[in-house]
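Working notes, structure below.
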There are 2 protein chains.
Amino acid sequence: MSALSDVARLAEVSKATVSRALSGNGYVSIETRNRVVAAAAAIGYVVSSNASSLVTGHTKNVGVVIPFINRWFFGEVLEGIETALIAAGYDLTLYRLSADDAARRRVFEYFLVRKRVDAVIAVGIELTRTEVDLLRSLGKPIVGIGGAVEGMATLSIDDVAAAELITELLIGLGHTRIMHVGGSQQKQVDFRVHSQRLKGFTQAMRSAGLRYDDESFRPTDISIEGGYTAGLSILADPRSRPSAIVAGADEVAIGIIIAARQLGIQVPAQLSVVGIDGHDLAPMFGLTTLAQHPKSQGTMAVRLLLDELTDLTEPLDRPASNWNTFPVSLEVRQSTTAPPLP
Amino acid sequence: MSALSDVARLAEVSKATVSRALSGNGYVSIETRNRVVAAAAAIGYVVSSNASSLVTGHTKNVGVVIPFINRWFFGEVLEGIETALIAAGYDLTLYRLSADDAARRRVFEYFLVRKRVDAVIAVGIELTRTEVDLLRSLGKPIVGIGGAVEGMATLSIDDVAAAELITELLIGLGHTRIMHVGGSQQKQVDFRVHSQRLKGFTQAMRSAGLRYDDESFRPTDISIEGGYTAGLSILADPRSRPSAIVAGADEVAIGIIIAARQLGIQVPAQLSVVGIDGHDLAPMFGLTTLAQHPKSQGTMAVRLLLDELTDLTEPLDRPASNWNTFPVSLEVRQSTTAPPLP
DNA sequence: CTGAAAGCGCTAACAT
DNA sequence: ATGTTAGCGCTTTCAG
């Protein structure tokens with residue numbers, strides 16, 4: 001409510017001086033600064049970021065687009081981003097991007113454009129060339145999490161390699177009947193993560209000379225319920241039951257394990273289940289996971305963004321080398337329980 | 001980048017007319033409007049919300065403060081809020097409020113104040129008198145979810161009644177050895193939800209004349225892992241094992257059930273577990289839950305807020321009756337499986 | 001080191 | 001129905 005001019009009057013200086021004193025830009029004698037700061041505190045003055053943004057052109061606000069909020073991986077990433085952003089004095093404006101195309105366009109062409117955000121973090125969303133261009137033409141840095149996109153910095157694991165790695169792990173343990181329960185190949189999230197994980201699985205199976213057919217993959221909802229339902233149906237018949245399952249996500253792995261236990265199957269003694277997101281459920285379920293540290297990915301993305309935002313003193317044309325994909329290291333989180341007997 | 005004046009020049013009208021044509025406020029002949037809209041589209045003009053906010057005083061943006069993102073109840077609420085807000089043309093700025101007191105003050109005294117938000121939704125956070133006053137003095141409507149707070153509209157279930165109800169349900173089923181596994185009474189979230197749920201449980205036990213002692217309550221982390229760990233320790237000894245458990249949250253209930261199944265205990269045949277948040281896991285776990293429809297709570301909160309924001313033509317002093325707590329109805333979601341045999 | 005003045009891009013009276 | 005004018009609250013030259 002109180003404005004810069006109020007502070008100026010109280011401190012008996014000009015508005016310009018107040019601005020300088022409070023923002024730290026420009027010279028102000030130490031004593032004047034103190035007077036100003038005291039006056040500001042006295043009347044509870046806080047700058048209007050609107051007015052400030054209007055003239056400076058930046059908003060101290062970053063937009064985050066993300067397809068899900070209530071899913072482990074995404075929720076964790078979001079938390080990581082939020083923490084890092086607030087720590088840096090930035091606000092976070094959240095846009096959940098549904099599959100709905102019109103809604104998506106609306107977010108890009110309306111919400112993100114009206115000069116509210118300085119930059120954008122896209123989590124698990126494969127921006128189109130057009131979207132990237134739009135944002136870049138507006139001079140807004142973008143960083144992505146979850147897959148490579150041309151024209152912007154991204155942070156991601158190699159989903160194919162991850163699935164391959166974890167499958168090889170099971171093969172190395174002596175398993176031969178291995179299934180993959182993962183996201184539907186039809187209604188795919190962006191980056192075709194599900195396809196990539198399936199691909200990694202298939203590759204590993206093939207190179208090991210193991211049988212891989214239509215029965216080896218089971219599509220499911222990425223949720224505990226989905227995993228549970230799939231698990232019940234897969235594990236029902238003892239004769240056709242796999243001895244190991246590669247789950248497309250932790251939620252799915254948990255659902256499968258619950259189903260297995262309900263059917264009286266011991267996990268991991270009689271069935272190995274591995275997941276990929278890796279949320280520290282390993283010890284509890286006796287499952288080995290590939291941890292991709294979502295929270296750190298969030299923090300890291302913010303760091304990348306802030307670097308750009310700060311360097312932005314000399315605008316645009318950054319070295320192409322910077323617009324690359326940073327691999328995120330995977331950590332095999334071994335179960336503490338004994339290895340399964342295939 | 002292109003500004004209102006560019007559109008004006010292109011359409012050969014004044015800036016005022018452009019503003020009117022695009023915002024829909026004020027009279028503009030149909031043909032001029034068409035010309036303006038075409039011109040705007042041609043150069044990809046989008047209003048600067050900063051400039052606009054600066055003069056109108058409102059931002060089309062609401063702040064959401066929430067203690068957790070990655071927890072079912074909160075994640076769902078957040079999704080509900082996001083969807084409703086976007087649909088109404090509002091942005092959502094997210095603040096995760098940690099237990100850290102300094103951080104919390106910072107959010108209230110700095111972030112929320114700099115005129116970025118028109119209103120605030122507080123989820124699961126008990127605003128202090130000071131915080132409510134601060135926001136109200138700034139003329140920002142607030143609505144809360146999760147508990148009653150004086151001076152603002154809130155939406156919440158009656159946690160005591162909920163726990164009582166669900167406990168009575170178990171008692172009615174013939175259980176006598178019932179335990180409550182819920183959040184620690186020490187490090188409490190706001191609204192002391194854990195205490196309230198414990199209280200409801202205790203009341204039901206007492207009125208039924210059932211034994212209630214120190215052993216009847218087990219504090220736990222609100223997470224699947226927490227429930228699992230608690231479950232293992234509670235259910236290990238068959239002689240002291242309860243026949244039913246009231247879980248403080250769905251995550252906890254799931255953890256307990258996983259532990260039970262691992263120990264070879266049939267759920268719900270040998271053990272009943274009930275939860276409160278109610279995320280449709282009922283059929284899968286054969287557990288009865290009390291559904292509180294988090295997503296709808298989010299939507300509803302937005303609706304309340306929007307009402308205020310719209311009525312705000314005649315500012316402030318709204319009838320006190322409006323500042324009440326709206327009860328959220330609970331729905332008993334019965335398990336489809338047969339009732340347990342105590 | 002400080003002040004005066006010129007806008008940032010838009011909206012809202014007030015005219016016409 | 002449209003144009004003119006005066007700011008919203010701040011930052012930033014430009015003088016001094």
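Hydrogens, waters and symmetry mates play no part in the numbers below; they use all other heavy atoms, side chains included. Chain letters run A, B, ... following the sequence lines, proteins first, then strands; residues in each count from 1.
- Side-chain atoms of B:Ala3 lie closest to C:dG9 of the nucleotides C:dG9, C:dG3, C:dT2.
- Protein atom CG of A:Leu54 is 9 Å distant from nucleotide atom C1' of D:dG9, rounded to whole Å.
- Looking only at distances, a side-chain donor or acceptor of B:Glu126 sits under 3.5 Å from a matching main-chain atom of B:Phe191.
- Of the residues in residues 29-41 of chain B, not one places a heavy atom less than 4.0 Å from an atom of DNA chain C.
- Among residues two or more places apart in sequence or in another chain, the salt bridge (charged side-chain N to carboxylate O under 4.0 Å, His left out) test is passed with B:Arg104 by B:Glu131, B:Asp190.
- In this structure, A:Arg71 satisfies the cation-pi test against A:Phe68, with its NZ or CZ atom closer than 6.0 Å to the six-membered ring centre and inside 45 degrees of the ring normal.
- Under the rule for a salt bridge (charged side-chain N to carboxylate O under 4.0 Å, His left out), B:Arg106 has no partner lying at least two apart in sequence or in another chain.
- For A:Glu79, the salt bridge (charged side-chain N to carboxylate O under 4.0 Å, His left out) partners two or more places apart in sequence, or in a different chain, are A:Lys295, B:Arg96.
- In this structure, B:Glu12 atom CD and D:dT2 atom P are separated by 13 Å, rounded to whole Å.
- The side-chain hydrogen bond (donor to acceptor under 3.5 Å, both in side chains) pairs that include a residue from residues 45-54 of chain B are A:Arg116-B:Ser49, where partners are two or more places apart or lie in different chains.
- The separation between B:Leu22 atom CG and D:dT2 atom P is 14 Å, rounded to whole Å.
- Residues that satisfy the side-chain contact (heavy atoms from CB on, under 4.5 Å) test with A:Ala88, not counting sequence neighbours, are A:Tyr90, A:Leu306.
- Residues forming a salt bridge (charged side-chain N to carboxylate O under 4.0 Å, His left out) with A:Arg303 (at least two apart in sequence, or on another chain): none.
- Contacts of A:Ala103 classified as side-chain contact (heavy atoms from CB on, under 4.5 Å), with partners at least two apart in sequence or in another chain: A:Ser98, A:Asp100.
- Taken over five-pair windows at either terminus, the axes of the helix from C:dC1-D:dG16 to C:dT16-D:dA1 are inclined to one another by 30° (rounded to 10 degrees).
- With sequence neighbours excluded, the residues that form a side-chain contact (heavy atoms from CB on, under 4.5 Å) with B:Ser296 are B:His293.
- The NE2 atom of B:His58 sits 13 Å away from the C1' atom of C:dC10 (whole-angstrom rounding).
- Residue pairs that meet the salt bridge (charged side-chain N to carboxylate O under 4.0 Å, His left out) test with at least one member in residues 22-44 of chain B, sequence neighbours left out, do not exist here.
- Atom pair B:Lys60:NZ and C:dC10:C1' shows a separation of 16 Å (rounding to whole Å applied).
- Position along DNA chain D of the nearest nucleotide to B:Val13 versus A:Ser5 favours B:Val13 as the more 5'-ward residue.
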A correct 5'-to-3' footprint of nucleotides 11-16 of chain D, with B, S and - meaning base, sugar-phosphate only and no protein heavy atom under 4.0 Å, is BB----

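- One can place CZ of B:Arg9 at 15 Å from C1' of C:dC10, the figure rounded to the nearest angstrom.
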